[in-house]
Amino acid sequence: MIDYQLLKSDEGFQRVLQSLARRGDALSADTLKEAADARRKIIREVEALAAERNAESKRLGELKAQGKDAEFDALREKMKSVADRLKIAKEEESHVEENFQTLLSRLPNILDAEVPDGKSESQNVVVREVGDIPRFAFDVKPHYEIAEAENLVDFERGVKISGARFYVYNDKIARLERRLANFMLDTHAAAGYSERSVPIIVKDECMFGTGQFPKFADEYYRMEKDGLSLIPTGEVPLTNLYADEILNDADLPINLMAFTPCFRREAGSAGKDTRGLIRVHQFYKVELVKFVRPEESEKEWRALTADAERILQKLGLTYRVLALCAGDMGFTSSITYDLEIWMPGLKRWLEISSCSNFKDFQARRAKIRYKNAAGKNEYIHTINGSGVAAGRLVAALLEYHQNADGSVDWAAIEKKIDLS
RNA sequence: GGAGCGGUGGCUGAGUGGUCGAAAGCGGCAGUUUGCUAAACUGUUGUACUAGGUAACUGGUACCGAGGGUUCGAAUCCCUCCUGCUCCGCCA
């Protein structure tokens with residue numbers, strides 16, 4: 001949620017519109033302004049009526065205490081009509097307010113000035129590239145061919161029990177993912193992240209707090225009967241841990257991490273990445289989340305990005321850092337750097353982490369504040385990123401460590417994890 | 001799943017229809033005292049929205065788990081829901 005006080009001033013209003021335009025979001029300026037103005041108008045009306053009612057009700061109490069029954073009855077009759085008018089005005093207010101809140105909750109975050117212009121992912125900007133594109137003396141297979149040939153992943157039975165885009169890991173690869181989880185968590189623990197094991201089923205308000213609801217509700221698994229959803233990322237439970245709380249300045253920054261499964265319906269991606277382990281309904285990942293003072297959020301966001309990169313560096317994977325352009329940015333983020341690893345088998349870059357600074361956008365939705373040095377309650381800034389996606393990491397390691405005969409060099413993988 | 005009792009400010013806890021944003025205590029902040037700390041004493045101390053003001057601030061409205069209802073007026077009465085605790089049942 002953006003700071004809606006921005007809509008009250010012309011400069012603020014222009015800032016919001018400019019950011020929307022850069023994102024390619026065609027929300028009409030008039031719609032927004034009308035809703036904001038209508039809201040303020042009806043609030044004034046309701047408050048005036050309520051003030052009258054309160055003042056006269058107080059007098060009624062006094063009249064009754066003094067036993068002035070005739071005056072009491074007359075005033076009470078008069079106040080009935082005020083009460084009626086107030087009731088009608090309040091009903092209108094709730095409609096207007098709801099309309100305004102809906103509009104507001106669907107408004108994306110304001111872009112950081114550093115976000116490059118651009119309409120789609122093709123205009124994302126490469127910030128840096130780390131490592132060389134690995135060369136092989138033979139034709140490198142994509143991970144799914146290796147996995148199938150070596151009986152590492154049982155795609156067929158995954159589909160049998162759960163449907164398309166589900167899979168089963170067998171033996172060594174199951175163990176590899178488990179080991180990678182430990183490796184990543186231990187690495188981040190050393191960098192100061194505190195581990196949490198969290199529920200992976202959350203209430204609607206959590207999904208709202210981090211920005212998944214209401215605009216993108218179709219992309220997630222929601223259990224209608226219970227009003228609960230399977231988390232699409234550990235970001236949701238981790239960030240909402242502090243919802244409705246006022247944190248102490250001295251406790252910031254707070255760095256949390258969790259290894260969780262993630263569930264995504266992948267609606268609208270039919271036919272995309274249908275083979276392999278790249279786009280699935282359930283995968284595992286380590287999520288990093290920071291709660292920080294506003295003035296430190298840029299620094300902390302860069303630090304979190306570096307923390308995610310450390311995993312790739314330790315495993316010797318070639319990757320690049322991308323600054324997402326305005327048109328490719330997520331709804332809740334103010335600025336995002338994606339980490340993409342080079343996949344020698346797929347022969348393309350693959351997103352394995354997305355590190356975002358949400359500024360106060362999520363904090364405002366989830367009501368996460370802190371008492372600043374001046375003693376004032378202020379929204380904190382939230383930052384998060386994957387550190388990193390386990391499934392894609394597994395896929396990458398298979399491609400990086402395959403032998404000419406199509407088998408996997410497990411010893412080399414083990415050695416990397418042990419040494420790092 | 002059944003039964004019972006609760007949910008009030010940062011915390012503890014009073015309040016069962018009117019002057020209650022809400023007693024009291026604790027905590028926090030400021031001051032007096034003090035070599036320093038502590039103690040004592042005095043004052044002060046919620047949030048959001050809204051109107052005005054450059055601002056400090058001033059006025060108004062709302063908030064006693066959430067949402068509805070009754071009433072001129074609700075923390076207080078009624079309904080629904082959520083949630084906590086205790087006991088029973090079931091169970092990894």
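Computation of the quantities below employed the complete heavy-atom set of this structure, encompassing side-chain atoms and omitting hydrogens, waters and symmetry-equivalent molecules. Within every chain, numbering begins at 1; the chains are lettered A, B, ... in the order of the sequence lines, protein sequences first and strands thereafter.
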Which part of the nucleic acid does [X] contact within heavy-atom distance under 4.0 Å: base, sugar-phosphate only, or nothing?
| X | result |
| --- | --- |
| K8(A) | sugar-phosphate |
| K78(A) | nothing |
| E97(A) | nothing |
| R369(A) | sugar-phosphate |

Under 4.0 Å between a Lys/Arg side-chain N and an Asp/Glu carboxylate O for [X] and [Y]?
| X | Y | answer |
| --- | --- | --- |
| R59(A) | E56(A) | yes |
| D84(A) | K87(A) | no |
| R165(A) | E266(A) | no |

Work out how far the [atom1] atom of [N] is from that of [M], and round it to whole angstrom.
| N | M | atom1 | answer |
| --- | --- | --- | --- |
| U19(B) | G25(B) | C1' | 25 Å |
| A74(B) | G67(B) | P | 15 Å |
| A75(B) | U8(B) | P | 16 Å |
| C36(B) | C20(B) | P | 43 Å |
| A55(B) | U50(B) | P | 15 Å |
| C49(B) | A40(B) | P | 39 Å |
| G13(B) | G9(B) | C1' | 11 Å |
| A66(B) | U83(B) | C1' | 10 Å |

Checklist entry - Between R53(A) and Y4(A), who's closer to the 5' end of RNA chain B by nearest nucleotide? => result Y4(A)

Next on the checklist: With nearest nucleotide decided by heavy atoms, which residue, N377(A) or K64(A), maps closer to the 5′ end of RNA chain B?
Outcome noted: K64(A)

Next on the checklist: Working note: M257(A) + E195(A), criterion side-chain contact (heavy atoms from CB on, under 4.5 Å); need CA distance, chi angles, decisive distance, verdict.
Outcome noted: CA-CA 5 Å; M257(A) 63 173 168; E195(A) 186 174 354; 3.9 Å; yes

Checklist entry - Excluding sequence neighbours, so at least two apart, what forms ring pair (Phe, Tyr, Trp, His ring centres under 6.0 Å) with Y400(A)? => result none

Checklist entry - Who passes ring pair (Phe, Tyr, Trp, His ring centres under 6.0 Å) against Y379(A), sequence neighbours left out? => result none

Checklist entry - Reading RNA chain B 5' to 3', which nucleotide is the first, and which the last, to come under 4.0 Å of any heavy atom in chain A? => result G18(B) to G73(B)

Item to check | Structure string for RNA chain B in dot-bracket form, Watson-Crick and G-U at under 3.5 Å, | interchain | outcome: ((((((((.[[[..)..(.....]]]((((((.......))))))(((((((....))))))).[[[[[..)....]]]]])))))))....

Under 3.5 Å, sequence neighbours excluded: what are the donor-acceptor pairs made by side chains of residues 241-253 of chain A?
| residue | atom | partner | partner atom | Å |
| --- | --- | --- | --- | --- |
| N248(A) | ND2 | D251(A) | OD2 | 3.4 |
| D249(A) | OD1 | R293(A) | NE | 2.7 |

Checklist entry - Which residues pass the salt bridge (Lys or Arg N to Asp or Glu O under 4.0 Å) test with R175(A), sequence neighbours left out? => result E414(A)

Next on the checklist: By the definition side-chain hydrogen bond (donor to acceptor under 3.5 Å, both in side chains), identify the one residue from D338(A), T233(A), T305(A), N384(A) that meets it with S354(A).
Outcome noted: D338(A)

